[in-house]
Amino acid sequence: MNIFSAFRDRVIAAVEGLQLETRDGGPLETARVNVEPPRDPSHGDIATNAAMVIAKQVGENPRALAEKIVSILDQDADIVETSIAGPGFVNLRISNEFWLNQLKLMADESAQYGRSNVGGGKKVNVEFVSANPTGPMHVGHCRGAVIGDTLANLMKFAGFDVVKEYYINDAGVQIDVLARSVMLRYREALGEAIGDMPEGLYPGDYLVPLGEALAEQYGETLKEKSEEDALAIIKDAAIDAMMKLIREDLAALNVHHDVFFSERTVHEDNATKIKAALNDLTLKGHVYRGTLPPPKGQLPEDWEDREQVLFRSTEVGDDIDRPLVKSDGSYTYFAADVAYFVDKFERGFEEMIFVLGADHGGYVKRMEALARAVSDDSVELTVLLCQLVKLLRNGEPVKMSKRAGQFVTLRDVVDEVGRDPVRFMMVYRKSSEPLDFDFAKVTEQSKDNPVFYVQYASARCYSVFRQAQEQIPGISADLELLHMLDDESEIALVRKLAEFPRIVEAAAMAQEPHRIAFYLYELANSFHGHWNKGNDNEHLRFVKVNNPQLTSARLGLVQGVLNVLRSGLEILGVDAPEEMR
RNA sequence: GGUCCCGUAGCUCAGUUGGAUAGAGCAUCAGAUUCCUAAUCUGAGGGUCGCAGGUUCAAUUCCUGCCGGGAUCACCA
């Protein structure tokens, strides 16, 4: 339960109980009423702007209206103190009993606490990674993979019906290049000297094992076939092998897609699916034959003014109409995209989310245009552009040379620093913000490393349970004794925990998974802070050998902290360790 | 040149969809730590929220225009 929306209901009920008359006689507009934790804790536990929002509608002074609202809220047993501040804020202080009841839920509901139904079962497709199957994933795919996976987890947790999807770009020239590269590796495996990989082919060593496998399976027989037939066989094998590599890379990052959609399937059977999709678009009047205006600025040397089949995307918000058929009669990449989008639409998704790198910003408008045209504006299309990651080693940028086939793979990074630090750091930043990723910093075992700091909080919770067992054998958390928690520092920790459902809902609605990571950091901070108070004040320590009941109550608090940490970390796909090693 | 993203403390970044005195971490400075709950702790200083207008009770947040940084502008996929 999100207690802030619960109290929002109470505030609105209080306002409605006043039987106010609006100046224009219409209904009271309460949509802009906010109930939230105040920035400054001294203002209370909960603050609302209700009086300020309503005042104008009913022609009253905000503070005077606040007085009236407060007079009703004062009767609420869970509210122990009310005050009016500033231009008309109403501040509420909530009883300890209420907070401890919340704690009981957190400790009791375990993995359920914080789940929400704000998503209302809305069908959402999150497409992310979609790396070309021409080699292992490189580090540039990392952020999008983590953000997409985390966003999908988050939205599921908040009550959306989410499908994680990967679009396999297994059609087109880059796959032909792949097949030709593998062909060379195959001949190499049969003992031919191939020398350096010719310019334009994929030089990476990762194709060598595939060449060897093909040599073993087919012997010399592929060389005896026509080049066309041989390449067709190799192409299938290559795509399978590359996707296997990619799936392994994804698994290493704890990323798991529900659906892998192959671009080839829309080209199959003489491109039936593309034809059907384009036909659909044509019937809706979005397709025509015409010429494109030449690009502004400098004219490309090979520019030819030519009539072609175009998607009239400018009518649905795009900057320029988009070609659907190439001069050789084959379909453009975008035409396949149309078919793919239609497929998603027919699968009933109400919202399509695309997690893309910032370098794909130019696609956003045509995708939006496509969504409008295909669905008659009935589906929502959201593009999350993630800014690039700058890899650093000891503060120095890591050099990568794509030409020489030397790039840092995703696996390199995961193997070196571990998947938890990678995942956490990739979402510990707003996705629209560039990100520095320093190998040394993310593996550092200190308070300065947020991954460690949050995971250590989890380990510390487990450690408390272990210590309690050692000192008071047989002890466990007792949620019936939570009323024994009465220290302000303990209640403050509960208040922090109670923010979790609200953070989940807000992060899911805003599609900003980084908020979960930041919240977990704050929670860890509160927890460690409370722990540290036990240094000076022995009374505040969790385990009190001479007071098993109080210890049981405090174990309940630790359980609450641990449950929220676990839920949050699970959204991030990060482990909540029982100990740090 | 068009489009998109960004501009907040010395640095790296949050900022609860428009709220109160703009917050963390690092760095800096000043203290603490024979106590084992120290893979440290407490506190302090530090700001024209890029600039200028506009919208309103209220703008870091929304709109417009500039300035600065980045990405992208193919019949490629």
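In what follows, every chain begins at residue 1, and chains take the letters A, B, ... in the order their sequences are listed. Since the model is a prediction, treat every value here as computed from it, not as a measurement.
Distance from the side chain of A:Asp319 is smallest for B:U3 among the nucleotides B:A39, B:U3, B:C75. Of the candidates B:A14, B:G15, B:C75, B:A14 carries the atom nearest the A:Glu433 side chain, counting heavy atoms from C-beta on. Among the nucleotides B:A39, B:C75, B:C4, the one closest to the side chain of A:Gln445 is B:A39. Which of B:A14, B:C76, B:U12 sits closest to the side chain of A:Asp436 comes down to B:U12. Distance from the side chain of A:Asn535 is smallest to B:A38 among B:A77, B:C75, B:A38. Here the nucleotide nearest the side chain of A:Leu385, chosen from B:A71, B:C4, B:U37, is B:C4.
When rounded to the nearest whole Å, the span between NZ of A:Lys365 and P of B:C73 equals 15 Å. Atom pair A:Tyr340:OH and B:A77:C1' shows a separation of 15 Å (rounding to whole Å applied). Computed from coordinates, the A:Leu388 CG to B:G69 P distance equals 18 Å when rounded to whole Å. Atom CG of A:Asn532 and atom P of B:A38 are 8 Å apart (whole Å). As rounded to whole Å, 14 Å separates atom C1' of B:G15 from atom CZ of A:Arg429. Taking atom NZ of residue A:Lys533 and atom C1' of nucleotide B:A38, one finds them 18 Å apart after rounding to whole Å. Following rounding to the nearest Å, A:Arg466 (CZ) and B:U37 (C1') show an atom-to-atom distance of 14 Å. For the pair A:Phe452 CZ and B:U40 C1', the computed distance is 12 Å after rounding to whole Å.
Between B:A39 and A:Tyr456, a contact under 4.0 Å exists linking OP1 or OP2 to a side-chain N or O. Phosphate contact (OP1/OP2 of B:G15, side-chain N/O of A:Lys430, threshold under 4.0 Å): present. Remark: A:His539 is not in phosphate contact with B:U37, judged by side-chain N or O atoms under 4.0 Å from OP1 or OP2. Taking side-chain N and O atoms only, A:Lys326 has a distance below 4.0 Å to OP1 or OP2 of B:A77.
To the nearest whole angstrom, the two C1' atoms, one in B:A59 and one in B:G19, are 10 Å apart. The separation of B:A27 from B:A71, taken at their C1' atoms, amounts to 31 Å, rounded to a whole angstrom. Going from the P atom of B:A38 to that of B:U33 covers 14 Å, rounded to whole Å. For B:U56 and B:A14, the P atoms lie 31 Å apart once the distance is rounded to whole Å. Rounded to whole Å, the P atom of B:U61 lies 13 Å from the corresponding atom of B:A20. Straight-line distance between the P atoms of B:G23 and B:G46: roughly 13 Å, to the nearest whole Å. When the C1' atom is compared between B:A52 and B:G15, the two are found 24 Å apart, to the nearest whole Å. Here the separation of B:G2 from B:C66, taken at their P atoms, is 9 Å to the nearest Å.
Here A:Ser327 lies in heavy-atom contact (under 4.0 Å) with a base. Note on A:His514: only backbone sugar-phosphate atoms sit closer than 4.0 angstrom, heavy atoms only; bases stay farther off. Nucleic acid contact for A:Glu263: sugar-phosphate only, since backbone atoms but no base atoms lie under 4.0 Å from a heavy atom of the residue. Counting any heavy atom pair closer than 4.0 Å across all strands shown, A:Gln174 reaches sugar-phosphate atoms only and no base atom. Counting non-hydrogen atoms under 4.0 angstrom, A:Phe542 reaches a base of the nucleic acid. Using a 4.0 Å heavy-atom criterion, one finds that A:Pro434 contacts the sugar-phosphate atoms exclusively.
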Item checked: Heavy-atom protein contacts under 4.0 Å, nucleotides 16-26 of chain B, coded B base, S sugar-phosphate only, - none -> BB-BB----SS
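Remark: A:Arg554 CZ to A:Thr551 OG1 distance equals 7.5 Å, nearest 0.5 Å. Distance check, rounded to the nearest 0.5 Å: OG of A:Ser446 to CZ of A:Phe452 gives 7.0 Å.
Scanning atom types as modelled, one donor and one acceptor separated by under 3.5 angstrom connect the side chain of A:Tyr363 and the base of B:A77.
Along RNA chain B, the nucleotide closest to A:Val173 and the one closest to A:Gln467 are compared, and the more 5′ of them pairs with A:Gln467.
Of all heavy-atom pairs between A:Val355 and A:Cys386, the closest is CG1-SG, 3.6 Å. Summarising the geometry of A:Leu384 relative to A:Ile147, their closest heavy-atom pair is CD2-CG2, 4.1 Å, with the distance given to 0.1 Å. Nearest approach of A:Arg515 to A:Ala506, heavy atoms of both residues: NH1-CB, 3.6 Å.
By the 4.0 Å N-to-carboxylate-O rule, A:Glu368 lies too far from A:Lys365 to be salt-bridged with it.
For A:Glu522, the side-chain contact (heavy atoms from CB on, under 4.5 Å) partners two or more places apart in sequence, or in a different chain, are A:Lys496.
Residues A:Thr22 and A:Gln57 have side chains that never bring a donor and an acceptor to within less than 3.5 angstrom of each other. Side-chain atoms of A:Asn169 and A:Gln174 form no donor-acceptor pair, as typed in the model, at a separation below 3.5 Å. A donor-acceptor contact under 3.5 angstrom links the side chains of A:Glu351 and A:Gln511, judged on distance only.
Ring geometry, A:Phe311 versus A:His286: the interplanar angle exceeds 60°, so the pair is classed perpendicular (tilted spans 30 to 60°).
Around the CD atom of A:Glu538, the shell of radius 6.0 Å holds no more than 12 heavy atoms that belong to other residues, nucleotides or ligands.
Where pairing requires Watson-Crick or G-U contacts shorter than 3.5 Å, the helical stems of RNA chain B with at least three consecutive pairs are B:1-7 with B:67-73, B:10-13 with B:23-26, B:28-32 with B:40-44, B:50-54 with B:62-66.
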